[in-house]
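First the structure, in the form of structure tokens, and then the observations on it.
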Protein chains: 2
Amino acid sequence: MDFVGHLTAHNIKPSLQRIKIYEYLHENRAHPTVETIYSDLVDEIPTLSKTTVYNTLKLFIDNGIASTVTIEDNEVRYDAIMDEHAHFKCDSCGNVYDIEMDISTIKFKKINSFKVETTNIYLKGKCNKCLTNKN
Amino acid sequence: MDFVGHLTAHNIKPSLQRIKIYEYLHENRAHPTVETIYSDLVDEIPTLSKTTVYNTLKLFIDNGIASTVTIEDNEVRYDAIMDEHAHFKCDSCGNVYDIEMDISTIKFKKINSFKVETTNIYLKGKCNKCLTNKN
DNA sequence: TTATAAATATGTAATGATTACAAACTTAGA
DNA sequence: TCTAAGTTTGTAATCATTACATATTTATAA
Ligand SMILES: [Mn+2]
Ligand SMILES: [Mn+2]
Ligand SMILES: [Zn+2]
Ligand SMILES: [Zn+2]
């Protein structure tokens, strides 16, 4: 994938930090937090600042190439996959998984004349692996 | 509604603070934050502490009579309505509305063998009122 | 190339929400 | 009434996020 081109196409000048943060987010599908992104990238970019991570993620969101995953009330995670999908968090291992779904299949009892712009679906429970490993 | 009975039935001793906080949450369907709950109730209970509001809400959640609404990554709201329903936040006026829905109608493309325990659906956009008032 | 301005990144300080904790108060039972 | 357990309170600590000033890099023009 052409990360530089993708950033440029969304009016984001491709600085080293921006490329690396975007690349990390796109490759790492675990929906990392700012802390995780920072601590994983600071090895590769020793001068990296946590403020830059915050600023860059905000820029990505404003320009439509990333979004937040607020499945827990005490941690903000980030996602570079913009195709519509739901999220599942295992309350045993803590992993957050992508769940494929077609949001248009959701049926509301009363459709108010509200104009819906974004939809987020968050599921919680026990993942496959944790169900199996349970002795 | 019998608030004292409801608390008691969920193993919560009905202190004055607990009754008032639960009553407020149940009557006020706007999904208030801790700050809102505290500042609205401190007039009636002058000795009320914000710590008590936090402790009490945690107790309600642990005992299954309240839940959090994390539709925004920078504010935690609370809800005493435990019947399954979705939430809609108007990004114009900021109100959070309840949306009736039957969660079982959601169709996932791949049903992993994950065990889903809770489902949260968050919508954002423009509410009825804001769409009409727009000149 | 060199000078200058704009854009970007950095480090530190400030803010704000939440939690930890110890002391004060209240309640229920002996 | 006495005592212990449960509850509430106020303050301090923690932690994530933002504000802001400075430093660095990049782009542009002379
Ligand atoms: Mn995702
Ligand atoms: Mn609700
Ligand atoms: Zn798991
Ligand atoms: Zn509105």
Side-chain angles (χ1 to χ4, degrees), chain A residues 3-4 7-8 10-25 31-63 65-79 94 96, chain B residues 3-4 7-8 10-25 31-63 65-79 94 96:
Chain A
F3 297 118
V4 171
L7 294 176
T8 307
H10 286 83
N11 297 309
I12 297 169
K13 290 196 182 174
S15 69
L16 173 70
Q17 290 84 347
R18 289 168 179 179
I19 295 167
K20 289 296 182 187
I21 292 171
Y22 185 77
E23 184 182 340
Y24 180 89
L25 205 55
H31 310 90
T33 61
V34 163
E35 187 56 41
T36 306
I37 297 168
Y38 172 76
S39 61
D40 282 358
L41 286 179
V42 76
D43 299 325
E44 199 178 348
I45 312 170
T47 61
L48 185 65
S49 159
K50 207 175 278 184
T51 301
T52 297
V53 179
Y54 276 105
N55 291 341
T56 302
L57 291 169
K58 180 172 173 11
L59 183 69
F60 289 173
I61 290 168
D62 291 347
N63 292 40
I65 64 167
S67 63
T68 56
V69 175
T70 56
I71 198 168
E72 289 287 357
D73 61 15
N74 59 352
E75 63 178 19
V76 179
R77 291 163 170 266
Y78 294 85
D79 197 341
V96 174
Chain B
F3 296 118
V4 171
L7 295 176
T8 307
H10 287 82
N11 296 311
I12 297 168
K13 290 197 184 173
S15 69
L16 172 70
Q17 290 84 346
R18 290 168 178 178
I19 295 167
K20 289 296 182 186
I21 291 172
Y22 185 78
E23 182 183 342
Y24 180 89
L25 205 56
H31 309 89
T33 61
V34 164
E35 185 57 40
T36 306
I37 297 168
Y38 172 76
S39 60
D40 281 359
L41 286 179
V42 76
D43 299 324
E44 201 179 346
I45 312 169
T47 61
L48 185 64
S49 158
K50 207 175 278 184
T51 300
T52 298
V53 178
Y54 277 104
N55 290 342
T56 302
L57 290 169
K58 180 170 174 12
L59 183 69
F60 288 173
I61 290 168
D62 290 347
N63 292 42
I65 63 166
S67 63
T68 56
V69 175
T70 57
I71 197 167
E72 290 287 356
D73 60 16
N74 59 353
E75 63 176 21
V76 179
R77 291 164 169 265
Y78 293 85
D79 197 340
V96 174

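Note that this is a predicted model, so its numbers are computed, not measured.
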Under 4.0 Å: is that the gap between some side-chain N or O of [X] and OP1 or OP2 of [N]?
| X | N | value |
| --- | --- | --- |
| A/Ser49 | C/dA9 | no |
| A/Thr47 | C/dT10 | yes |
| A/Gln17 | D/dT25 | no |
| A/Thr51 | C/dA9 | no |

>> By nearest heavy atom, map A/Val34 and A/Asn55 onto DNA chain D; which one lands nearer the 5' end?
In response: A/Val34
[atom1] of [X] to [atom2] of [Y]: how many Å apart, nearest 0.5 Å?
| X | Y | atom1 | atom2 | answer |
| --- | --- | --- | --- | --- |
| B/Leu59 | B/Ile21 | CG | CD1 | 10.0 Å |
| A/Asn55 | A/Phe60 | CG | CZ | 11.0 Å |
| A/Leu48 | A/Lys20 | CG | NZ | 12.0 Å |
| B/Ile12 | B/Arg18 | CD1 | CZ | 7.0 Å |
| B/Ile37 | B/Tyr54 | CD1 | OH | 10.0 Å |

Rounded off to whole Å, could you give me the [atom1]-to-[atom2] distance for the [X] and [N] pair?
| X | N | atom1 | atom2 | value |
| --- | --- | --- | --- | --- |
| B/Asp73 | D/dT17 | CG | P | 8 Å |
| B/Lys13 | C/dC25 | NZ | P | 20 Å |
| A/Tyr54 | D/dA19 | OH | P | 13 Å |
| B/Lys20 | D/dT8 | NZ | P | 14 Å |
| A/Phe60 | C/dA9 | CZ | C1' | 14 Å |
| A/Ile21 | C/dA9 | CD1 | C1' | 10 Å |
| A/Asn63 | C/dT8 | CG | P | 11 Å |
| A/Leu57 | D/dA16 | CG | P | 15 Å |

>> Using a heavy-atom cut-off of 4.0 Å across all strands, would you classify A/Lys50 as base, sugar-phosphate, or nothing?
In response: nothing
> Checking all strands, does B/Asn74 fall into the base, sugar-phosphate, or nothing category for heavy-atom contacts under 4.0 angstrom?
Replying inline: nothing
